[in-house]
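Every chain is numbered from 1, with letters handed out A, B, ... down the list of sequences. Note that these values count all heavy atoms, side chains included, but never hydrogens, waters or copies made by symmetry.
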Amino acid sequence: MTLDDLEKNLLLYGADLSRWRAAEARAAQRLIASNSAAQRLFDDIARLDGTLKRAAAPEATDSALTGRILEAAHPRLPVPLFPPTWRFAATGLAVAASIAGFAVGYFGEAGAMPLDDAGYMALGETEMESGLADMWLLL
Amino acid sequence: MLSARDDLDLVRDVARGDQSAFAQLVGRHVAAVRSVALRFTGSTADADDVAQDVFLKVWTHASGFDPEKASFTTWLHRIAANRCFDLLRSRRRWGWLGLDASQERAATHPRADDALAERETLDAVRADILSLPERQRMALLLVVTADRSAQDVADVLGVSRGAAEQLIVRARQTLRDRQKERAAT
């Protein structure tokens, strides 16, 4: 392996020789051990790799992003204003109120039956009597 | 055991509308996808948007995944890479740079405090990564951040293995040169 080969492989695979093909890794190790320029090259790339790993390593993702993705993929159904038990109770109350209203309306109407003729006559007499009494006062 | 199911099983279930399988895929891969997007765009907001778009595409297009053509991870990163390229293209079209990105670049200015030296070094390298040509940047991030091979990079970017290797070599060479320049100053 030449210095140029070593440099190309270091730039391509990095300074972690376990990621290299086995034969090339062995050749690189021999060159680095015997050549100071190769050692400097290796140290350069190892330093760069270390910085790169720290600068561009995967970052943990907070659960908010995961939640946001899942939410966007399957949006929730609209949240009901009241829970189901409340809705049953409200429906029951509305039905009961309707029945009660109907009953009051029906039976209340029947209790206030229109006046018959006798009734009107009686009322008329009373008013007429009252009117006559007023006339007597004027006289 | 459910957690031991491989990606292929999960993506098949996702294609049938299995929400639990989808949640497992997201949990397994969201960090890598988001991290590549973060270092590619330089913006946390953009990275979150890219991650969301990528997984929504997985959810809606899982039935179109062909395991004969690529592994699930390669398919996933191809979607992510295309989304990242689209994002930058649209930004260039409208001549707009996100506030988030500009803030993160502003944070790369050197500071006097020695305690922040490590942070400054990492910020400088991240700025160097952001300044790489797009395809070199994506190739390098797929290797360094997503731990993909040169062949995977070729498959994700739709180029030959030789071309992918060139992208990786050039990216590392540029970063190495910048590191030397910084060390000299």
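Hydrophobic cluster membership is shared by B/Leu142 and A/Leu12, with clusters built from Ile, Leu, Val, Met, Phe, Trp and Tyr side chains linked at under 4.5 angstrom. Under the 4.5 Å side-chain heavy-atom criterion for Ile, Leu, Val, Met, Phe, Trp and Tyr, B/Leu88 and B/Leu140 are members of the same hydrophobic cluster. B/Val50 and B/Leu132 fall into different hydrophobic clusters, defined by Ile, Leu, Val, Met, Phe, Trp and Tyr side-chain heavy atoms under 4.5 Å apart, directly or through other members. Under a hydrophobic-cluster definition in which Ile, Leu, Val, Met, Phe, Trp and Tyr are linked whenever side-chain heavy atoms come within less than 4.5 Å, directly or via other members, B/Val30 and B/Leu87 are assigned to the same cluster. Put simply, B/Trp75 and B/Val156 are part of two different groups of oily side chains (I, L, V, M, F, W, Y) that touch within less than 4.5 Å, one to the next.
Between A/Tyr13 and B/Val143, every side-chain heavy-atom pair lies at or beyond the 4.5 Å cut-off. A heavy-atom distance below 4.5 Å is not found between the side chains of A/Leu48 and B/Val125.
Residue A/Leu65 comes nearest to B/Ala51 through the heavy atom pair CD2-CB, 4.1 Å, listed as atom of the first residue, atom of the second, then distance. Contact between A/Ala73 and B/Phe22 at its shortest, heavy atoms only, is CB-CE2, 3.5 Å. Across A/Glu59 and B/Ala31, no two heavy atoms sit closer than the pair O-CB, 3.5 Å. Contact record, A/Arg68 with B/Asp48: NH1-CB, 3.6 Å, taken as the closest heavy-atom pair.
B/Gln52 contributes atom CD, which lies 10.0 Å from atom CD of A/Glu71 (distance to the nearest 0.5 angstrom). Separation of atoms CZ (A/Arg54) and CD (B/Glu118) is listed at 4.0 Å; rounding is to 0.5 Å. With rounding to the nearest 0.5 Å, the separation of CD in B/Gln19 from CG in A/Leu70 is 8.5 Å.
No salt bridge links B/Asp147 with A/Lys53; every basic N to acidic carboxylate O contact stays at or beyond 4.0 Å. Between B/Arg176 and A/Glu7 there is a salt bridge, with a side-chain nitrogen of the basic residue lying less than 4.0 Å from a carboxylate oxygen of the acidic one.
Both the backbone and the side chain of A/Arg47 come within contact range of chain B, judged by heavy atoms closer than 4.5 Å. Interface residue B/Gln179: only side-chain heavy atoms are found under 4.5 Å from chain A. Heavy atoms closer than 4.5 Å to chain A are found in both the backbone and the side chain of B/Leu175. Of the two parts of B/Leu167, neither the backbone nor the side chain holds a non-hydrogen atom closer than 4.5 Å to a non-hydrogen atom of chain A.
Between the B/Thr145 side chain and the A/Pro58 main chain, no donor and acceptor come within less than 3.5 Å of each other. Here the side chain of B/Arg39 pairs no donor or acceptor atom with the backbone of A/Ala56 at under 3.5 angstrom.
No other option in B/Val36, B/Val169, B/Ile168 has as many heavy-atom pairs under 4.5 Å with chain A as B/Val169. The most heavy-atom pairs under 4.5 Å with chain B, out of A/Thr66, A/Ile45, A/Asp49, come from A/Asp49.
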